[in-house]
> 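Have a look at the structure that comes next, please.
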Amino acid sequence: MKNIKRNYALAKERYAELAVNTEQAIKTLSRVSVSLQCWQGDDVGGFEKPGTALSGDGIQVTGNYPGKARTVEELRADLEKVFSLLPGRHRLNLHALYGEFVNKPVARDQIGPEHFKGWIDWAKRNHLKLDFNATCFSHQKAETGFTLSSRDKEIRKFWVEHVKRCRKIAALMGKSQNSPCIHNLWIPDGSKDLPADRWTHRQLLKESLDEIFAIKYHRKYLKDSLESKLFGIGSESYVVGSHEFYLSYAIKNGLIVCLDLGHFHPTESVADKISAILQFSNELLLHLSRGVRWDSDHVVILNDEIRSVMEEIVRGDALKKVHLALDFFDASINRVGAWVIGARAVLKALLIALLEPQALLKKFENEKNNLTRLGLMEEAKTLPFGAVWDYYCLKNNVPAEADWLKEVQAYEKKVTGKRL
């Protein structure tokens with residue numbers, strides 16, 4: 001503890017030389033919430049049919065590390081452990097297949113708020129806020145590769161009703177927690193090979209969305225977002241809900257665009273899209289993941305991409321406009337540890353951005369002193385942000401440095417390692 005405080009005092013002095021207030025950076029960071037994805041804990045299995053594995057429909061989890069959550073009680077216990085290792089107060093992002101169905105199958109077009117009361121009560125006890133997602137995959141009515149854009153009217157009707165019910169559930173969550181619940185919609189619709197007709201499915205998707213969003217909820221309870229994807233498993237050649245489609249629909253209808261870091265071409269910069277979209281939209285949702293080749297859902301780490309995204313948010317003073325959520329699932333390593341690594345990486349990246357000597361950088365840029373601007377950007381990379389991070393963790397009574405690893409290892413030995 002003494003070393004952390006001493007190191008922080010030195011770091012504070014160093015940052016002050018560049019007109020950076022570390023106390024203000026910490027204060028700002030403490031007000032930011034990251035929405036953690038429930039599906040990391042059980043490999044996107046859910047509780048519709050306990051013991052069953054995830055089925056295709058554009059999504060796939062790899063690995064079989066021991067200890068995944070098998071029940072809602074185990075999943076909540078794992079989540080409580082994760083939240084205890086993160087500085088700050090955060091949120092939980094639920095998918096519809098995680099309702100409590102009491103071992104009785106409930107059709108997705110029949111789910112209701114009663115199936116999520118347990119989650120609402122649990123969130124209140126743990127001082128957490130909830131976000132929500134319709135689940136339009138891993139279902140026999142998604143096996144053709146099309147849901148809301150299906151040519152089959154009955155299939156479309158089923159999924160439209162499902163999403164309507166999910167929005168109703170999300171609005172109730174928002175009202176009960178006195179904080180808007182973000183309902184995000186992603187569908188797997190698309191084609192493995194080249195389609196002869198790209199038009200019809202997008203027209204049908206638009207009609208389905210029009211029907212869904214014709215039902216209005218107050219934005220203090222519910223905020224809707226639409227998530228695109230470049231390609232998916234089984235939709236390599238054509239995705240109905242492309243970035244252009246959802247961006248256009250969201251802007252026209254006052255909805256939120258969701259940008260997933262793993263859902264674009266590897267050479268595209270999601271960071272560059274932030275300042276463009278927020279010229280025309282009041283809010284933006286980011287799903288923070290790490291794309292590696294064809295797989296978009298690796299554990300987030302403190303890499304250049306996540307740092308550049310956070311820099312753009314801070315430089316644009318957009319923290320109140322951008323919602324941050326994790327979206328990855330890795331079954332090849334300890335799942336609790338994966339959660340912690342990803343969430344702490346996001347918070348570290350945001351802290352680094354908050355500690356950037358913005359005033360000086362903008363001054364040099366305005367003076368067209370581009371050499372000094374670039375030079376300072378480079379020097380800022382070696383500033384002692386780690387000392388500030390450890391101090392922030394200390395203030396929040398969570399493990400600093402890599403001490404959280406010991407906690408996860410002890411939890412595995414005592415809890416997850418005993419799950420057969």
Side-chain angles (χ1 to χ4, degrees), residues 8 11-12 14-35 86-91 182 256-261 264 268-290 300-327 342-366 370 372-393 395-396:
Y8 173 69
K12 182 178 180 180
R14 176 70 183 99
Y15 277 106
E17 294 172 359
L18 298 172
V20 175
N21 186 330
T22 57
E23 292 293 327
Q24 183 59 50
I26 288 174
K27 184 178 180 181
T28 301
L29 181 61
S30 69
R31 294 195 292 261
V32 175
S33 293
V34 178
S35 194
L86 304 179
R89 183 65 64 187
H90 303 288
R91 302 172 70 96
I182 296 180
I256 298 174
V257 174
C258 174
L259 304 180
D260 187 304
L261 270 61
F264 294 89
E268 281 189 275
S269 169
V270 173
D272 184 57
K273 301 178 188 297
I274 296 171
S275 61
I277 292 174
L278 288 179
Q279 302 296 325
F280 306 95
S281 179
N282 294 324
E283 294 176 89
L284 178 66
L285 173 63
L286 294 180
H287 271 194
L288 305 170
S289 61
R290 175 167 56 103
V300 175
I301 59 174
L302 188 58
N303 59 9
D304 289 343
E305 184 178 29
I306 198 70
R307 288 185 59 169
S308 64
V309 165
M310 297 305 157
E311 286 170 355
E312 282 302 307
I313 295 172
V314 172
R315 289 171 183 173
D317 192 24
L319 275 172
K320 293 182 179 179
K321 299 179 180 180
V322 178
H323 305 279
L324 304 175
L326 299 182
D327 188 0
R344 285 172 71 111
V346 169
L347 295 171
K348 287 177 185 176
L350 183 52
L351 178 61
I352 293 171
L354 291 166
L355 292 169
E356 187 180 61
Q358 279 192 54
L360 286 175
L361 288 170
K362 290 180 178 179
K363 174 180 178 293
F364 296 137
E365 184 163 285
N366 290 335
N370 295 338
T372 305
R373 179 193 62 187
L374 183 60
L376 182 55
M377 284 181 173
E378 283 298 295
E379 292 305 315
K381 293 176 181 178
T382 59
L383 289 173
F385 89 90
V388 183
W389 168 257
D390 287 342
Y391 180 70
Y392 179 57
C393 289
K395 283 184 57 124
N396 283 270

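These numbers come from the heavy atoms of this one structure, side chains and all, not from hydrogens, waters or symmetry mates. Numbering of residues begins at 1 and proceeds along the displayed sequence.
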> Distance only, no hydrogens: is a donor on one side chain within 3.5 Å (strictly under) of an acceptor on the other, for Ser289 and Asp327?
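No pair is found: no donor N or O on one side chain lies under 3.5 Å from an acceptor on the other.
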
> Flag the pair Pro87 / Trp389 as yes when at least one side-chain heavy-atom distance between them is below 4.5 Å, and no otherwise.
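Touching, per the 4.5 Å side-chain cut-off.
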
> At their closest point, which heavy atom of Glu312 faces which heavy atom of Ala271, and how far apart are they?
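Smallest interatomic distance, heavy atoms only, reads CG-O, 3.5 Å.
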
> Determine the minimum heavy-atom distance between Arg89 and Ser33, stating which atoms define it.
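Taking Arg89 first and Ser33 second, the nearest heavy atoms are O-OG, 2.7 Å.
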
> What's the verdict on side-chain contact (heavy atoms from CB on, under 4.5 Å) for Lys12 and Asn21, showing C-alpha distance, side-chain angles and the deciding distance?
CA-CA 7 Å; Lys12 182 178 180 180; Asn21 186 330; 5.7 Å; no

> Of all the heavy-atom pairs spanning Leu18 and Leu376, show the shortest one and how long it is.
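The pair with the smallest heavy-atom distance is CD2-CD1, 4.3 Å.
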
> If we only count heavy atoms from C-beta on, is the Ile352 to Arg307 side-chain gap below 4.5 Å?
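Yes, at least one pair of side-chain atoms sits under 4.5 Å.
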
> Going from CG on Leu284 to CD1 on Ile256, what distance comes out if it is rounded to the nearest 0.5 angstrom?
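Rounded to the nearest 0.5 Å, the CG-CD1 separation comes out at 8.5 Å.
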
> ring-ring contact (aromatic ring centres under 6.0 Å, His included) with Phe364: which residues, sequence neighbours excluded?
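Expected list: none.
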
> Taking salt bridge (charged side-chain N to carboxylate O under 4.0 Å, His left out) as the definition, give me every residue that meets it alongside Arg290, ordered by chain and number, with sequence neighbours left out.
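By the salt bridge (charged side-chain N to carboxylate O under 4.0 Å, His left out) rule, Arg290 matches no residue at all.
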
> Can you give the donor-acceptor pairs under 3.5 Å from side chains of residues 377-386 to other protein atoms, not counting sequence neighbours?
{"unit_1": "Glu378", "atom_1": "OE2", "unit_2": "Lys381", "atom_2": "NZ", "d": "2.7"}
{"unit_1": "Thr382", "atom_1": "OG1", "unit_2": "Glu379", "atom_2": "O", "d": "3.0"}

> Flag the pair Lys321 / Ser281 as yes when at least one side-chain heavy-atom distance between them is below 4.5 Å, and no otherwise.
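The answer is no, as the side chains (C-beta and beyond) never meet within the 4.5 Å cut-off.
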
> Taking C-beta and beyond as the side chain, do Ser269 and Phe264 meet within less than 4.5 Å on heavy atoms?
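Side-chain contact under 4.5 Å: no.
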
> Hey, what do you get for CG (Asn366) to NZ (Lys363), rounding to the nearest 0.5 Å?
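Separation between the atoms: 9.5 Å.
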
> Does Gln279 have any side-chain hydrogen bond (donor to acceptor under 3.5 Å, both in side chains) partners at least two apart in sequence or in another chain, and if so, which?
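Partners of Gln279 by the side-chain hydrogen bond (donor to acceptor under 3.5 Å, both in side chains) criterion come out as none, since no residue qualifies.
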
> Between Ser308 and Asp304, is there a donor-acceptor pair closer than 3.5 Å when you use the side chain of the first and the backbone of the second?
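Checked: pair present.
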
> Judged by atom type as modelled, is there a donor-acceptor pair below 3.5 Å linking the side chain of His287 to the main-chain atoms of Ala325?
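Such a contact is absent between His287 side chain and Ala325 backbone.
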
> Taking the side chain as every heavy atom from C-beta outward, state whether Tyr15 and Val388 have any atom pair closer than 4.5 Å.
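Yes; the side chains approach each other to less than 4.5 Å.
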
> Check whether any side-chain heavy atom of Thr22 lies under 4.5 Å from a side-chain heavy atom of Tyr8, and answer yes or no.
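Contact flag for Thr22/Tyr8 side chains = yes.
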
> Which heavy-atom pair separates Val32 from His90 by the least distance, and what is that distance?
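Where Val32 meets His90 most closely, the heavy atoms are O-CE1, 3.7 Å.
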
> Verify the neighbour count for atom CG of Asp317: are there more than 12 heavy atoms of other residues, nucleotides or ligands below 6.0 Å?
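No, because the 6.0 Å sphere around CG of Asp317 holds 12 heavy atoms or fewer from other groups.
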
> Tell me every residue that passes salt bridge (charged side-chain N to carboxylate O under 4.0 Å, His left out) with Arg14, counting only those two or more places apart in sequence or in another chain.
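Salt bridge (charged side-chain N to carboxylate O under 4.0 Å, His left out) list for Arg14, sorted by chain: Glu17.
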
> Run the side-chain contact (heavy atoms from CB on, under 4.5 Å) test on Ile301 and Arg344 for me, step by step, so that the C-alpha distance in whole Å, both residues' side-chain angles and the decisive distance to 0.1 Å come before the verdict.
CA-CA 9 Å; Ile301 59 174; Arg344 285 172 71 111; over 6 Å; no

> Work out which heavy atom in Leu29 is nearest to a heavy atom in Leu347; give both atom names and the distance.
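In this case the closest contact between Leu29 and Leu347 is CD1-O, 4.0 Å.
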
> Output yes when Arg315 and Glu356 qualify as a salt bridge under the 4.0 Å nitrogen-oxygen rule, no when they do not.
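Yes, Arg315 and Glu356 are salt-bridged.
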
> Enter the distance from Asp390:CG to Lys395:NZ here, rounded to the nearest 0.5 Å.
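Answer for the CG-NZ pair, Asp390 versus Lys395, is 14.0 Å.
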
> Salt bridge check: are Lys320 and Glu283 linked by an N-O gap of less than 4.0 Å?
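No.
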
> Going by heavy atoms in the side chains, are Val309 and Leu286 under 4.5 Å from each other?
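The answer is yes, as the side chains (C-beta and beyond) meet within the 4.5 Å cut-off.
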
> Applying side-chain hydrogen bond (donor to acceptor under 3.5 Å, both in side chains), name anything that partners Tyr391, two or more places apart in sequence or on another chain.
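Testing Tyr391 for side-chain hydrogen bond (donor to acceptor under 3.5 Å, both in side chains), a comparison that skips the adjacent residues, returns none.
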
> State, with a plain yes or no, whether a side-chain heavy atom of Arg373 is found less than 4.5 Å away from one of Leu360.
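Arg373 vs Leu360: side chains apart.
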
> Just how far is it from atom NZ of Lys273 to atom CG of Leu261, taken to the nearest 0.5 Å?
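Lys273 NZ to Leu261 CG: 10.5 Å, rounded to 0.5 Å.
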
> At what distance, to the nearest 0.5 angstrom, does OG of Ser35 lie from CG of Leu285?
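Here the rounded value is 8.5 Å.
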
> If you look at every heavy atom in Ala25 and Leu355, which pair is closest and at what distance?
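That closest heavy-atom pairing would be CB-CD2, 3.7 Å.
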
> So, taking the atom named CG in Leu319 and the one named CG in Leu354, what distance separates them when rounded to the nearest 0.5 Å?
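One finds 6.0 Å between CG of Leu319 and CG of Leu354.
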
> Checking side-chain polar atoms at under 3.5 Å, does Gln24 have a donor or acceptor matched by the opposite partner on Thr28?
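Judged by distance alone, the side chains do pair up.
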
